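Let me begin by presenting the structure, written as structure tokens, before commenting on it.
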Amino acid sequence: MKKVELTTYNPNWIKQFESERMIFFELLKEELINIFHIGSTSIPNMWAKPIVDLLIEVKEITNIDHYQKEFEDLGYTYYGEYGIPNRRYLEKEIEGLPQYHIHIFQYGDPEIKKHLDFKRYVMEHHDAFIAYRDIKIEGANNFKDNREKYQEYKSNVIQEIDEKAAALYQNSLTPMRKTKKLLTYQQCVDILSAKTHYGTLSFYTDLPYLLPLNHLYHDHTLYFHSGMSGYKQKGLHQPVCFNVVHDLGINEAATTNNFESVMVYGILEEEIENRELILNKLIDRYTPSRQDYKASIPLNKGCRVFKVKIQYMAGKKHFH
């Protein structure tokens with residue numbers, strides 16, 4: 001019988017997630033829509049079993065069965081649905097200890113939003129954080145040799161949080177209706193990197209605000225440069241959305257305009273550590289013939305760099 005061993009929060013869990021995420025981005029790039037860090041290891045300061053959970057969103061769940069050998073080559077055990085309809089579930093152990101649990105669902109499956117809403121609610125509501133943390137610690141103390149009893153002991157608190165989260169976030173990030181138009185994560189990256197050079201950053205302060213900006217995609221993050229002041233800086237540390245549109249031309253027969261669009265969601269933060277690197281990459285992207293600009297970057301104190309780590313990205317192709 002599996003034991004329950006909780007530990008205090010470990011910041012390295014985020015690094016473990018990011019490392020494993022890169023592997024699946026490459027392996028499943030033809031199928032993949034998004035990859036999320038879920039479970040207790042994704043919640044700052046939460047006690048947790050030291051097992052990193054990844055939720056992978058794909059276009060077509062049945063295609064995932066064709067990757068079983070590739071998963072096993074990576075050290076994973078492939079369990080199929082494993083008790084949850086339409087899921088694909090994998091586990092990986094390192095030196096005999098469980099390290100990763102992978103939950104794969106098709107885009108639009110309600111389990112995706114349920115997991116993400118639970119995490120968001122616990123992170124945004126201190127009373128829920130305390131209740132969830134305490135029931136986990138009590139359960140681990142009472143049932144350390146019985147994983148099933150531990151899960152049962154937590155179930156009422158989890159259900160209560162699930163219900164509150166579902167009611168509060170019922171209208172947030174609802175899935176696209178016409179999934180045939182859905183783009184993969186890699187297709188979205190191609191639009192951000194090669195097909196568009198500016199987009200609009202939107203956030204809400206006292207009023208909704210939209211700002212056109214040049215952008216740079218690098219390592220699952222969007223970057224923007226800015227002066228030392230300006231309205232966009234009111235969006236710092238706030239949830240934002242960045243949207244780009246790749247124009248595919250007017251379709252007179254269908255009386256419409258064809259386009260591809262991508263929407264990125266995350267928190268707007270300032271980039272300090274890699275400021276010079278990002279400014280160099282922006283020069284390469286927008287003014288590649290002016291490499292001489294790079295020499296002045298260390299001396300230029302009048303330019304800031306902002307970033308949005310991609311928490312969620314969705315793209316579609318409107319084409320008739």
Side-chain angles (χ1 to χ4, degrees), residues 4-29 31-58 67 70-77 89-105 112 115-116 118-124 129 132-133 136-137 140 185-186 188-189 192-193 216-223 236-237 239-240 264-278 280-281 305-313:
V4 179
E5 297 180 357
L6 297 186
T7 69
T8 56
Y9 181 74
N10 185 346
N12 285 329
W13 290 334
I14 296 177
K15 295 178 181 178
Q16 287 179 247
F17 160 72
E18 291 176 346
S19 175
E20 206 70 5
R21 177 181 64 174
M22 292 300 295
I23 294 172
F24 282 94
F25 268 128
E26 181 60 29
L27 176 61
L28 299 177
K29 60 185 177 183
E31 317 288 343
L32 193 145
I33 305 299
N34 280 290
I35 300 181
F36 306 101
H37 188 186
I38 62 167
S40 296
T41 62
S42 71
I43 301 173
N45 301 314
M46 180 60 70
W47 284 63
K49 300 186 297 295
I51 304 169
V52 175
D53 287 86
L54 283 73
L55 190 157
I56 300 179
E57 182 181 49
V58 298
Y67 290 85
E70 287 86 344
F71 295 145
E72 291 171 349
D73 289 344
L74 291 171
Y76 279 92
T77 301
Y89 179 69
L90 299 76
E91 289 186 359
K92 181 161 78 171
E93 294 185 352
I94 297 177
E95 296 180 355
L97 296 175
Q99 295 290 319
Y100 295 100
H101 290 171
I102 309 296
H103 315 257
I104 307 177
F105 292 97
I112 298 172
H115 278 289
L116 298 179
F118 180 93
K119 172 183 174 178
R120 179 180 175 185
Y121 193 91
V122 171
M123 291 177 66
E124 293 181 353
F129 178 94
Y132 185 50
R133 181 199 65 188
K136 285 164 64 70
I137 293 172
Y185 191 97
Q186 186 57 52
C188 291
V189 168
L192 288 167
S193 300
L216 170 74
Y217 171 86
H218 174 66
D219 194 20
H220 307 292
T221 303
L222 284 176
Y223 293 94
L236 275 172
H237 316 303
V240 299
V264 174
Y265 300 87
I267 305 295
L268 185 66
E269 303 286 359
E270 184 167 8
E271 176 59 62
I272 303 294
E273 182 179 355
N274 296 308
R275 173 183 173 275
E276 291 185 20
L277 170 68
I278 298 306
N280 280 327
K281 287 184 175 294
V305 173
F306 298 134
K307 65 182 176 182
V308 176
K309 276 195 170 185
I310 297 173
Q311 295 180 353
Y312 183 84
M313 183 159 65

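The structure displayed is predicted, hence computed values, not measured ones.
Taking the six-membered ring for Trp and the full ring otherwise, the centers of Y100 and F24 sit at least 6.0 Å from each other.
In this structure, the side chains of L74 and L90 stay at 4.5 Å or more apart for every pair of heavy atoms. For the pair Y223/K281, no side-chain contact is recorded, criterion being any heavy-atom separation below 4.5 Å from C-beta on. Counting only heavy atoms from C-beta outward, the side chains of K92 and E20 approach each other to under 4.5 Å. Residues R21 and H37 form no side-chain contact, since every pair of their non-hydrogen atoms from C-beta on lies 4.5 Å or further apart. Side-chain contact between E273 and R275 is absent, with no heavy-atom pair separated by less than 4.5 Å. With contacts defined as side-chain heavy-atom distances shorter than 4.5 Å, the pair K309/E18 qualifies. A 4.5 Å side-chain heavy-atom check between V189 and F25 finds every atom pair outside the cut-off. Two residues are said to be in side-chain contact when any heavy atoms from C-beta on lie closer than 4.5 Å; L192 and M313 meet this criterion.
Residue V52 is tested with I38, T41, I14, N12 for a side-chain contact (heavy atoms from CB on, under 4.5 Å); the sole match is T41. A side chain to side chain donor-acceptor pair (under 3.5 Å) with Y185 is found for exactly one of K29, H220, E57, namely H220.
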Evaluation steps, side-chain contact (heavy atoms from CB on, under 4.5 Å), between I43 and Y9 = CA-CA 8 Å; I43 301 173; Y9 181 74; over 6 Å; no
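Taken from NE2 in H101 to CG in L55, the straight-line distance is 14.0 Å, to the nearest 0.5 Å.
Contact record, V264 with I310: CG1-CG1, 3.6 Å, taken as the closest heavy-atom pair.
T7 pairs by the side chain to side chain contact (heavy atoms under 4.5 Å, CB included) definition with W13, P50, not counting sequence neighbours. F36 meets the ring pair (Phe, Tyr, Trp, His ring centres under 6.0 Å) test with Y312; sequence neighbours excluded.
Listed for the S19 side chain is no donor-acceptor partner under 3.5 Å among the backbone atoms of Q16. Judged by distance alone, with hydrogens and angles left aside, the side-chain atoms of Y121 form no donor-acceptor pair with the main-chain N or O of E124 at under 3.5 Å.
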